[in-house]
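Naming: A, B, ... by sequence-line order, numbering from 1 per chain. Computed from heavy atoms alone, side chains included, the values below leave out hydrogens, waters and symmetry copies.
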Amino acid sequence: MKTADYQPASIEPKWQAFWADDKTFAGPNPAPNAKPAPKYYVLDMFPYPSGAGLHIGHPEGYTATDALKRMKKSQGFNVLHPMGWDAFGLPTEQYAIKTGRPPAEVTEENIANFKKQLAQIGLTYDSDREVNTTDPAYYKWTQWIFVQLFKHGLAYVEEKPVWYCPELGTVLANEEVLNTPEGPRSERGSFPVEKRPLRQWVLRITAYADKLIAGLKDLDWPDSTKRLQENWIGRSTGAEVDFQLDGLDEKLRVFTTRPDTLYGATYMVVSPEHPLLSKITIDDRRAEVEAYAEQAKRKSDLERAELAKEKTGVFTGGYAINPVNGAKIPVWVADYVLITYGTGAIMAVPAHDERDFEFAKTFGLEILPVIANENANPDEELTEAYTGDGALINSGDLNGLNVADAKAKITAELAAKKVGKEAVNYKLRDWLFSRQRYWGEPFPIMWLSPADYKRLMALDKDESELNNTLPIDPVTSIINGEARCAITVPTQDLPLTLPQVDSYQPTGTGESPLAKAVEWVNVWLNLKTGETRPRVIQQDGDEQLTERPGTDWAAATRETNTMPQWAGSCWYYLRYMDPKNPDFIIDPKIEEYWQAPDLYVGGAEHAVLHLLYARFWHLFLHDIGVLKTKEPFKKLFHQGIILGEDGEKMSKSRGNVVNPEFIIKDHGADAMRLYLMFLGPLEAMKPWNTDGIQGINRFLRNKVWRELLDDNGQPATKLCDTEDDADTARALHETIKKVTADYERLSFNTAISQMMICANQFAKAKTLNFASAKAFLQLLAPLAPHITEEIWERLGEAPSIANAPWPKHDESKLVKDTVKLMVQINGKLRGELEVAKDTAQPDILTAAKALDKVAPQLEGKTIVKEIYVPGRIVNLVVK
RNA sequence: GCCCGGGUGGUGGAAUGGUAGACACUGGGGACUUAAAAUCCCUUGGCCGCAAGGCCGUGCGGGUUCGAGUCCCGCCCCGGGCACCA
């Protein structure tokens, strides 16, 4: 091998070092009073720095944004393209449990490894803007946001049945639990999970449900993702209706989206957990009902989530009165009604609801149609519920109305009689925000006795900082059998850092490992100053109580739960803009300049959770005046998944994992970057095929390197100052035009194929103008930055190529003197015609008809129509 | 079941309603070489044909159009999401 050969292993580290030292891709915040350059903020979903290192999926999205960033920089934008670490989380903690090593230490190593690997790919980030969710200087502000949520009544504590995973030793959010044929399982690790009542922090995201739906409208996101979020929020409008319970002084309230079918309600169902169930049940039925409710409770863990179930239920013996017609209808208990949605009770209209129909069929309950189905034979027995529109029947004064009109009329009537009202419900549940883990952000919360809480509230706001962050309604909970009230750690004392612990092992009782840090948990709190002092001291293995320091001091215990991994990732894109600000989450002036990411690239697996949570926090921060923008991510793009060579999802167990480090070793980072982008559309799921990288290798080695440089690595002799021939010039300018447009829309695969076409033409040309060669290098540079920097320099230009202004195409170079026209007869291709581009239509038609392959087809036939699309086609319709 | 996305050569994939298969990979043939690698040239959707050429072809069946991979209707299959949300 000659030293002048293309050797990625030697040139790639050289340029990676250059970009790092030169800070080529730093995107500075504008200086005060300076007129700043137009900005472009491109964001990747930051990775979890796992011990396993980079996966081929990381460089896919990251190469795309790196390439776009490099083009934008050449186009004169001040580009912000940062990177950081979503480093709290379970795998590191589990590794810590296994090895006994502190998670912070392990995290630091993993991050160093990730950084090294990203740099090897030629990915360039502004290292001064790096954020790390586990850095106390970062999570100070995660905690600060939580304090704001708390203060504004959006955080509360609830003891409720939550998914608990014994294997992981933690609770999981609904979203982290998957339904599998084996029952509910944890998303991480696929371990069995069960429902357990535990004390939990919950964020009131449902208060933002309508805003979250409304905000979607203006976002440039994939439609499917918007729809996913909309369905997830699941807003439905209808009515709440009160049914008097027969013989009881109680009303049963139901939610329905179909108040128009009220006359068709032939029975009611309450969920097994409904608070009125016991009252409704008559003594004769009590044993059976209680057995069912008990069974349903246990069942809810497994079978209730199962697919394709038979409907089950039990009659309570009680009756309710239909408010519109006084009909007495039976009340059943059944687990197909969920306590967590609506009011936990329904009116059942089997004629017009599939689930009610199935239930009524199973138990032989009455089915009364109240909407005429024009397509059904009224004499035949119903085989399914009719959910379409039609005229109302059997419905008193609603008869004859259509569904929409009947809904409006009945809702108004119910409201007038004060037995019902319009109502809205959401599928979205409040966000379970606590985890019983060590490796997460500690809650900046302390618990006081109700008496001490009253003392604190009695102080004026300016007498105690602690009083400034209390919610209007106190957050209370029963902890270890005692009533407690929550207050926050004073914001000036943030961050509240994680204490040292001896063991990261979960307690198994659902309590966090932090609960074992007794000195950290138990403090004396000065209600006026917010100062804390140890309340329990460990000495020689004994725990000793310290004396209360004075009258202003109260006994407080710290919250021992930690926040979920979503917390840190909810706002990291804000911190990139102003990463070192010690005084505020982000300087408003800086936010005003960068606004929010112009493009966010990441996997579709975060379509609901991360992207919904981040929108919630952002909207909230906007509402309390912290942010000017309303939405965090204007434009969103999902890169697809790279499958293994076998077309299956890459996984260790399948042994089909492609390691980026090996690809770089064999072919170089530029080849890997290009090939990753050449595989197919960025958004598509596509299989990796190592053989295919040959094509990219040949392109770089033979068409780029060897065409532009000679055997000594000097500019090739074919490079000169004479003008290119027309074909070569056209190829270049077509390529400038197409590549620029394709990069802009992240269509890298077609951009690369166009560059290959251009390079093939360059190879064919006898001479090549220096300027053309350089323009081509610039087009290629965003995807293959190392080789292009190297050749750029060897052609006598100063690095970096990214600083050179982006080439512009010359439209006049694109036009050809002649055009090629396809000639069809009756839509079938029969010949082609090359004519001067300004040939008149009649001449073209005459020439077309005279073509060797066309003329015989016209013999003995009449032309009924002649179609001519300039520059495209001639179609002769004959009979 | 409901909501999305997608079915194009041996493979990955291109195609504003206007030449289907760009660009690559693989395969076949050839050149260079003692040989191989590398490189270069030709070829590579199917069928018929010595050839010129013809016919068929974008999951299936219909339709709109001078013209459909592209638009419309009805199916089939694959992938993703949701799943008793009243």
Side-chain angles (χ1 to χ4, degrees), chain A residues 1 179 222-232 234-236 238 254-258 261 268-269 271 304-309 311 334-338 340-349 352-356 358-359 425-429 604-605 607-608 638 640-641 643 645 647 649 675 678-681 683-696 698-699 701-702 706 747 749-760 763 820-832 852-853 863-878:
Chain A
M1 192 188 280
N179 275 325
D223 275 341
S224 56
T225 304
K226 287 202 212 181
R227 218 164 281 141
L228 223 57
Q229 289 212 347
E230 207 176 324
N231 292 344
W232 187 265
R235 183 181 205 269
S236 51
V254 302
F255 173 73
T256 178
T257 57
R258 296 294 304 274
T261 61
M268 307 198 60
V269 185
S271 80
R304 228 170 137 169
E306 250 175 45
L307 313 153
K309 280 185 300 113
K311 290 269 184 296
D335 65 4
Y336 81 91
V337 173
L338 309 173
T340 47
Y341 185 78
T343 62
I346 61 158
M347 64 175 210
V349 185
H352 305 291
D353 181 278
E354 284 168 38
R355 297 148 301 180
D356 297 345
E358 201 187 315
F359 190 82
N425 261 296
Y426 303 93
K427 284 206 277 189
L428 182 71
R429 304 290 145 79
E605 67 273 18
V608 272
H638 297 306
I641 297 170
L643 304 171
E645 302 218 32
K649 230 176 176 160
Y675 187 51
F678 188 61
L679 277 177
E683 68 274 20
M685 186 186 275
K686 48 212 177 269
W688 177 266
N689 172 11
T690 300
D691 292 340
I693 203 168
Q694 265 326 313
I696 296 292
R698 287 177 189 144
F699 170 65
R701 208 170 282 275
N702 305 331
R706 221 174 279 171
S747 182
N749 56 329
T750 50
I752 294 166
S753 87
Q754 180 63 39
M755 288 189 280
M756 287 174 165
I757 292 169
C758 184
N760 288 342
K820 207 162 153 195
L821 290 170
M822 295 302 120
V823 180
Q824 297 180 336
I825 290 169
N826 291 342
K828 218 175 195 23
L829 186 69
R830 290 296 172 187
E832 53 183 69
D852 285 353
K853 288 181 198 166
I863 296 174
V864 283
K865 200 167 179 184
E866 292 170 341
I867 290 139
Y868 167 56
V869 182
R872 292 263 179 211
I873 208 155
V874 172
N875 190 9
L876 304 171
V877 185
V878 302

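- Nucleotides B/G67 and B/G74 place their P atoms 23 Å apart, quoted to the nearest Å.
- A heavy-atom distance below 4.5 Å is found between the side chains of A/Met685 and A/Leu643.
- One can place CD of A/Glu605 at 12 Å from P of B/C82, the figure rounded to the nearest angstrom.
- With sequence neighbours excluded, no residue forms a side chain to side chain contact (heavy atoms under 4.5 Å, CB included) with A/Lys853.
- Straight-line distance between the C1' atoms of B/G28 and B/U16: roughly 37 Å, to the nearest whole Å.
- The salt bridge (charged side-chain N to carboxylate O under 4.0 Å, His left out) search around A/Arg235 returns A/Asp210, not counting sequence neighbours.
- Every side chain to side chain contact (heavy atoms under 4.5 Å, CB included) that A/Ala604 has, sequence neighbours left out, goes to A/His638.
- Nucleotide B/A37 forms a pair with no other nucleotide shown, judged by Watson-Crick or G-U wobble geometry with both contacts under 3.5 Å.
- Within the nucleic acid shown, A/Pro222 has no heavy atom closer than 4.0 Å to any nucleic acid atom.
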### Query
What's the verdict on side chain to side chain contact (heavy atoms under 4.5 Å, CB included) for A/Asp356 and A/Ile346, showing C-alpha distance, side-chain angles and the deciding distance?
CA-CA 10 Å; A/Asp356 297 345; A/Ile346 61 158; 3.5 Å; yes
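- Of the candidates B/A86, B/G79, B/C4, B/C4 carries the atom nearest the A/Ser224 side chain, counting heavy atoms from C-beta on.
- In this structure, A/Asn425 reaches neither bases nor backbone, as no heavy-atom distance under 4.0 Å exists between it and the strands shown.
- Comparing the same atom, P, in B/U26 and in B/C47 gives a spacing of 23 Å after rounding to whole Å.
- With a cut-off of 3.5 Å on both Watson-Crick or G-U wobble distances, the partner of B/G1 is given as B/C82.
- The same atom, C1', is picked in B/G45 and in B/C40; the two are 26 Å apart, to the nearest Å.
- Between atom CZ of residue A/Arg872 and atom CE of residue A/Met822 there is a gap of 10.5 Å, rounded to the nearest 0.5 Å.
- In this structure, B/G9 shows a glycosidic angle within 90 degrees of zero, which is the syn conformation.
- In this entry the distance linking CZ of A/Arg429 with P of B/C82 reads 14 Å, nearest Å.
- Across B/G46 and B/C41, the matching P atoms stand 23 Å from one another, rounded to whole Å.
- Going from atom CD1 of A/Ile641 over to atom P of B/G6 covers 16 Å, rounded to whole Å.
- In this structure, A/Glu605 has no side chain to side chain contact (heavy atoms under 4.5 Å, CB included) partners at least two apart in sequence or on a different chain.
- Nearest-nucleotide mapping onto RNA chain B: of A/Asn826 and A/Arg227, the residue sitting toward the 5' end is A/Arg227.
- The gap from the C1' atom of B/U65 to that of B/G27 amounts to 40 Å, rounded to the nearest Å.
- Without hydrogens or angle criteria, A/Tyr675 side chain to A/Asn689 main chain gives a donor-acceptor distance under 3.5 Å.
- Distance check on atom P: B/G7 versus B/C60 gives 13 Å, rounded to whole Å.
- When rounded to the nearest whole Å, the span between CZ of A/Phe699 and C1' of B/U39 equals 17 Å.
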### Query
Could you write nucleotides 16-26 of chain B as a row of B, S and -, 5' to 3', where a protein heavy atom under 4.0 Å of any base atom gives B, of only sugar-phosphate atoms gives S, and otherwise -?
B-BB--BBSSS
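- An OP1 or OP2 oxygen of B/G12 is reached within less than 4.0 angstrom by no side-chain nitrogen or oxygen of A/Lys686.
- Under the salt bridge (charged side-chain N to carboxylate O under 4.0 Å, His left out) criterion, A/Lys427 pairs with no residue at all, not counting sequence neighbours.
- Distance from the side chain of A/Lys427 is smallest to B/C82 among B/C82, B/G79, B/A86.
- Taking for each of A/Thr225 and A/Arg258 the nucleotide of RNA chain B with the nearest heavy atom, the 5'-most of the two is the partner of A/Thr225.
- With rounding to the nearest 0.5 angstrom, the OG atom of A/Ser236 is 9.0 Å from the OH atom of A/Tyr426.
- When rounded to the nearest whole Å, the span between CH2 of A/Trp688 and C1' of B/G13 equals 15 Å.
- A/Tyr336 places its OH atom 8 Å from the C1' atom of B/A86, with the value rounded to the nearest Å.
- Pairing of B/U64, defined by two Watson-Crick or G-U wobble distances under 3.5 Å, is not identified with any nucleotide.
- Atom-to-atom distance recorded for A/Asn425:CG and A/Thr343:OG1 is 8.0 Å, nearest 0.5 angstrom.
- Taking 4.5 Å as the limit, every side-chain heavy atom of A/Glu358 sits out of range of all side-chain heavy atoms of A/Asp353.
- In this structure A/Thr340 satisfies the side chain to side chain donor-acceptor pair (under 3.5 Å) test together with A/Arg429, sequence neighbours excluded.
- Searching all strands for a Watson-Crick or G-U wobble partner of B/G9 with both distances below 3.5 Å returns nothing.
- If you measure from atom CG of A/Leu228 to atom P of B/C2, you get 18 Å, rounded to the nearest angstrom.
- Nucleic acid contact for A/Ile346: base, since at least one base atom lies under 4.0 Å from a heavy atom of the residue.
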Is there any protein nitrogen or oxygen under 3.5 Å from a nitrogen or oxygen in nucleotides 28-33 of chain B, and what are the pairs?
none

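- Legend: residues meeting salt bridge (charged side-chain N to carboxylate O under 4.0 Å, His left out) with A/Glu832, ordered by chain and number and at least two apart, are A/Lys820.
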Produce the list of close N/O pairs, under 3.5 Å, pairing protein atoms with atoms of nucleotides 68-70 of chain B; give distances to one decimal.
none

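- Figure legend. B/C55 is base-paired to B/G46; pairs are counted as Watson-Crick or G-U wobble with both atom distances under 3.5 Å.
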When you compare the protein's N or O atoms with those of nucleotides 52-59 of chain B, which come within less than 3.5 Å of each other, and at what distance?
{"unit_1": "B/C56", "atom_1": "OP2", "unit_2": "A/Lys828", "atom_2": "NZ", "d": "3.1"}

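- When the P atom is used for both B/G63 and B/U8, the distance is 24 Å, rounded to whole Å.
- Between A/Asp223 atom CG and B/G5 atom P the separation is 8 Å, expressed in whole Å.
- What you find for A/Asn826 and A/Val878 is that their closest heavy atoms are OD1-N, 2.9 Å.
- The cationic group of A/Lys311 does not satisfy the cation-pi geometry with A/Phe359, failing either the under 6.0 Å distance to the six-membered ring centre or the 45° limit from the ring axis.
- Every residue two or more places apart in sequence or in another chain was checked for a salt bridge (charged side-chain N to carboxylate O under 4.0 Å, His left out) with A/Arg830, and none qualifies.
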